[in-house]
Student: 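Have a look at this one before I ask anything.
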Amino acid sequence: MADYIFGANILENLTTGMYQDSKVIYREYIQNACDQIDKAVKEGLLKHDEGTIKIWLDRDKRTIIIEDNATGIPAASFQETLGNIADSDKKIGEDKGFRGIGRLCGLAYCNELIFSSSVKGEETESIMVCDAKKMRRLIDENARGKKHTANEVLNAINRFERKKTNNIDSHFFRVELNYINSENTDLLDFQQIKDYLSFVAPVPYQNSFIYRTDIYNHAKEIGTKIDEYNITLDGEPIFKRYTTILKESSTGNKYDDIFGVHFKDFHKNGELIAWMWVGISRFQKAIPKINQMRGLRLRKENIQIGGEDALQKLFKEDRGNSYFIGEVFAVNRDLIPNSQRDYFNENPARADFERELQRYFNDELYKIYHDGSTINSAYKKIDTYEKKETEFKVKETAGLFVDASHRERELKSVLETKKAAESALGKIDKVKNKSDGLMQKVIQRIELERPKRKITAAVPPVISPEEDKEYEEPKMLRRTDRLSQYNKAERKLISKIFSIITLATDNKTAEMIIKRIEEELQ
């Protein structure tokens, strides 16, 4: 049999060249810890809620520690388990990780990577020290012509040790990343890591998210479960940070809320392949980026696959995914995360998954955000008309029109908005007549948020010059009539100036300028 050589570049592909986002180190080590916690629970070493994953950041020492209290790795198999690459005993569909390469990712972002472990019943702590800085230097040499095999590099950088422990009941696995690279300082930023883990890690929903019980109940009803683990960052528990409030980017103020959740299950040949929940809002617009929870997130074993946009390509419009919050839980065991864990491997299960989701996204969700936008836009036009008509009446009563021409232009503007409002009412009726299920809930919520008079009343009538003799020119109260200290000719000149101002700029600016002039003339 021939001896095949794996060059040092293969280590580059599995470490520095594998991921675009350095924060994946947390996901990879958490994923391994979760598998061991599951094993510890299955073996009776831990009760269901006793497994913990603790992450500690030390910005001064530039160190990250990730430790679980699961099974640990026996001393007898420690070197083989951690020394071998892509030779895991884990199984697809049973374990969250299975390739045996995820533990290598830390080598790209620190100078020294240390794995330590102890198993209950053993007096030994097993340690593996990896010189990550040396690995990167050897790989660089290899790329520049000084050839090294992967085996040579691993032998040069790895060192195994053992030490006796006093606590025979201790069981843990610990990862230490020492001397984090200067270009990867964000890995030590507490808030950034907390934000990342809050949507990527398999953690519970925060208690303030009132729809979490509905989500748990639905998972139970369809015979599946949501894997959740106790994960802390510098002692602070991590939760999925879903809320019911949607905020504006510019002000941070609330502009909409999530008033319910809707569920959809996806089947193929009678078998559940995925399920999802989606938050119901008034769908006023694409959710601004300030809302970290935005987008339908793809998850497998409750660990996020890819970023917030992993499912965006399944919408017919690029913007589609940004109108929603929610999660899609992939269930089918043949939906296999790729090595970067940013999507699934290409296979028949993935094709079925995409086909079913695309149908729902483009038949149902597409109509919801489009019809929601139509309804919201229509009500805005009605609001605009009502505001303009009110302003017109106030000006008429207070004698704020400069002259007949000014009044005529404003009235024309009111009549145009009235026409748009009447058309908007027609669109609302059209959407309401064809809506059902989820869209009906959205419309009911939109109308619930509005004053009753704007829902039930017809568009208020607008005074027209032909119908309303009150507005005839001879009886019209002019703005300059208040400037009684000036004679008729002077008032006529002032009126002319006011008229030019109203023609030259918008209403708000014109009103501001005219008021200022009036103050000076008083």
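Note that this is a predicted model, so its numbers are computed, not measured. These numbers come from the heavy atoms of this one structure, side chains and all, not from hydrogens, waters or symmetry mates.
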Student: Is the closest basic N to carboxylate O distance between E354 and R359 below 4.0 Å?
Tutor: no

Student: Quick test of your reading of the model: are R174 and E176 salt-bridged, counting only N-O distances below 4.0 Å?
Tutor: yes

Student: For a quick test of your reading: what N or O donor-acceptor pairs under 3.5 Å do the side chains of residues 259-277 make, sequence neighbours left out?
Tutor:
| residue | atom | partner | partner atom | Å |
| --- | --- | --- | --- | --- |
| D265 | OD1 | H218 | NE2 | 2.8 |
| W277 | NE1 | Y205 | OH | 3.4 |
| W277 | NE1 | E327 | OE1 | 2.6 |

Student: I'd like to check the side chain to side chain contact (heavy atoms under 4.5 Å, CB included) partners of E112; sequence neighbours left out, ordered by chain and number.
Tutor: I114, V129, N178, Y179

Student: Tell me every residue that passes salt bridge (Lys or Arg N to Asp or Glu O under 4.0 Å) with K54, counting only those two or more places apart in sequence or in another chain.
Tutor: none

Student: Provide the closest heavy-atom pair for Y366 versus N362 in the form atom of the first, atom of the second, distance.
Tutor: CB-O, 3.4 Å

Student: Is the shortest side-chain N to carboxylate O distance from D49 to K47 below 4.0 Å?
Tutor: no

Student: Please enumerate all residues that pass ring pair (Phe, Tyr, Trp, His ring centres under 6.0 Å) together with F344, with sequence neighbours excluded.
Tutor: F353

Student: Should the pair K285 and Y255 be classed as cation-pi, given the thresholds of under 6.0 Å to the six-membered ring centre and 45° from the axis?
Tutor: yes

Student: Would D363 and K316 pass as an ion pair if we require N to O under 4.0 Å?
Tutor: no

Student: Taking E161 first and then R159, would you say they form a salt bridge - that is, a charged N and a carboxylate O separated by under 4.0 Å?
Tutor: yes

Student: May I ask you to decide whether D352 forms a salt bridge with R355, counting only side-chain N to carboxylate O separations under 4.0 Å?
Tutor: yes

Student: I'd like to know if D195 and R241 make a salt bridge, using a cut-off of under 4.0 Å between side-chain N and carboxylate O.
Tutor: yes

Student: Taking all atoms of both residues into account, what is the closest heavy-atom pair of I53 and C34, and its distance?
Tutor: CD1-SG, 3.9 Å

Student: Please step through side chain to side chain donor-acceptor pair (under 3.5 Å) for the pair R136 and N111, ending with a clear verdict.
Tutor: CA-CA 9 Å; R136 295 195 296 273; N111 284 353; 3.2 Å; yes

Student: The test is side chain to side chain donor-acceptor pair (under 3.5 Å); show your working for T71 and Q36 and say whether it passes.
Tutor: CA-CA 6 Å; T71 60; Q36 293 309 114; 2.6 Å; yes

Student: Residues in side chain to side chain contact (heavy atoms under 4.5 Å, CB included) with S208, at least two apart?
Tutor: Q206

Student: Test of understanding: with salt bridge (Lys or Arg N to Asp or Glu O under 4.0 Å), list the residues that count as partners of R62, not counting sequence neighbours.
Tutor: none

Student: Hey, is the main chain of E183 close enough, under 3.5 Å, to the side chain of N181 for a donor-acceptor pair?
Tutor: no

